[in-house]
Amino acid sequence: MWENLPTGDCLNQGGVIASEYLPMDYFFFSFPIQQKEVTMHLTNKGLRTKGRKQLNEREFYKLLGIIILITRFDFTTRASLWSPLSHNKYIPSMKLGSMTGMSIMRFDEILSEVQCGDQPTVRPTSISHAEYRCLLIDDMVKIFNK
């Protein structure tokens, strides 16, 4: 028996999807386009102020992929994930630079400027410190909850 999914695909009892989509497409569907655009705009604003290269859509998804990927590994420092040398003789090094095509320097540049919501640079006196910190994610929460 096949069950119709909201995407128009069919799912059988064994969890097999009869679809024209690749598994990566479902990941892209899970991240709202509006949030991607807001995050890229705000991140690029930060990169521009520091005179750095602008983030494009390919790099944005690559950044998300790297962030998700590194949650699966134990590592001493983030830079060790880009190193060709392993810190353990039984575990090969990740070599994320050659695997992803993004250098550790570029990863750190982008990661230091990633913003998911618009927050004024100076906290207005009318709001508390906690409310001011929440402004960093409020936009994202509103978009995901639409």
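Here the closest heavy-atom approach between residue Trp82 and residue Gly97 is recorded as CD1-N, 3.1 Å. The two atoms that bring Asp139 and Cys116 nearest to each other are CB-O, 3.9 Å, heavy atoms only. Nearest approach of Ala79 to Ile104, heavy atoms of both residues: CA-CD1, 4.1 Å. The two residues Pro84 and Ser93 have their closest heavy-atom pair at O-OG, 3.1 Å.
When atom types are taken as modelled, the side chain of Gln119 and the backbone of Tyr132 share a donor-acceptor pair closer than 3.5 angstrom. A donor-acceptor pair under 3.5 Å links the side-chain atoms of Thr77 to the main chain of Ser80, judged by distance alone. No side-chain donor-acceptor contact under 3.5 Å links Arg78 to the backbone of Ile70. The backbone N or O of Ser128 lies less than 3.5 Å from a partner atom in the side chain of Glu131, making a donor-acceptor pair. The backbone N or O of Leu55 lies less than 3.5 Å from a partner atom in the side chain of Asn44, making a donor-acceptor pair.
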From CA spacing to verdict: side chain to side chain contact (heavy atoms under 4.5 Å, CB included), Phe107, Ile67: CA-CA 10 Å; Phe107 179 80; Ile67 290 170; 4.2 Å; yes
Derivation of the side chain to side chain contact (heavy atoms under 4.5 Å, CB included) call for Glu113 and Arg52: CA-CA 10 Å; Glu113 299 300 327; Arg52 309 275 191 212; over 6 Å; no
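For the pair Thr43 and Leu63, the minimum side-chain heavy-atom distance is 4.5 Å or more. You'll find the side chain of Met99 reaches within 4.5 Å of the side chain of Leu96, heavy atoms only. Using a 4.5 Å cut-off on side-chain heavy atoms (C-beta onward), Leu135 and Pro120 make contact. Using a 4.5 Å heavy-atom threshold, the side chains of Glu109 and Lys50 count as separate. Ile91 has its side chain out of reach of Phe75: every pair of non-hydrogen atoms, C-beta onward, lies at least 4.5 Å apart.
The 12-atom threshold is not exceeded at CG of Asp74, counting heavy atoms of other residues, nucleotides or ligands nearer than 6.0 Å. With a 6.0 Å radius and a threshold of 12 heavy atoms from other residues, nucleotides or ligands, Ile68 has its CD1 atom above the threshold.
Here CD of Glu57 is found 3.5 Å from NZ of Lys36. Values are rounded to the nearest 0.5 Å. Residue Met94 holds its CE atom at 10.5 Å from OG of Ser86, rounded to the nearest 0.5 Å. Note that CG of Leu85 is 9.0 Å distant from NZ of Lys95, once rounded to the nearest 0.5 Å. Met105 CE to Ile110 CD1: the interatomic distance, rounded to the nearest 0.5 Å, is 12.0 Å.
Both Met102 and Phe60 sit in one connected hydrophobic cluster of ILVMFWY residues. Membership requires side-chain heavy atoms under 4.5 Å apart, directly or through other members. A single hydrophobic cluster is not seen to contain both Ile143 and Phe31; linkage of ILVMFWY side chains at heavy-atom distances under 4.5 Å, directly or through other members, places them apart. Placement of Val38 and Val114 in two distinct hydrophobic clusters is found when ILVMFWY residues are connected by side-chain heavy-atom separations under 4.5 Å, directly or transitively. In the hydrophobic clustering of this structure, Leu64 groups with Leu69; members are Ile, Leu, Val, Met, Phe, Trp, Tyr whose side-chain heavy atoms approach within less than 4.5 Å, directly or through other members.
In the model, Lys45 has no side-chain atom that pairs as donor or acceptor with a side-chain atom of Gln115 under 3.5 Å.
By the ring pair (Phe, Tyr, Trp, His ring centres under 6.0 Å) test, Tyr61 pairs with Phe28, sequence neighbours left out. Contacts of Phe73 classified as ring pair (Phe, Tyr, Trp, His ring centres under 6.0 Å), with partners at least two apart in sequence or in another chain: none.
Salt bridge absent: Glu59 and Lys62 never bring a charged side-chain N and a carboxylate O closer than 4.0 Å.
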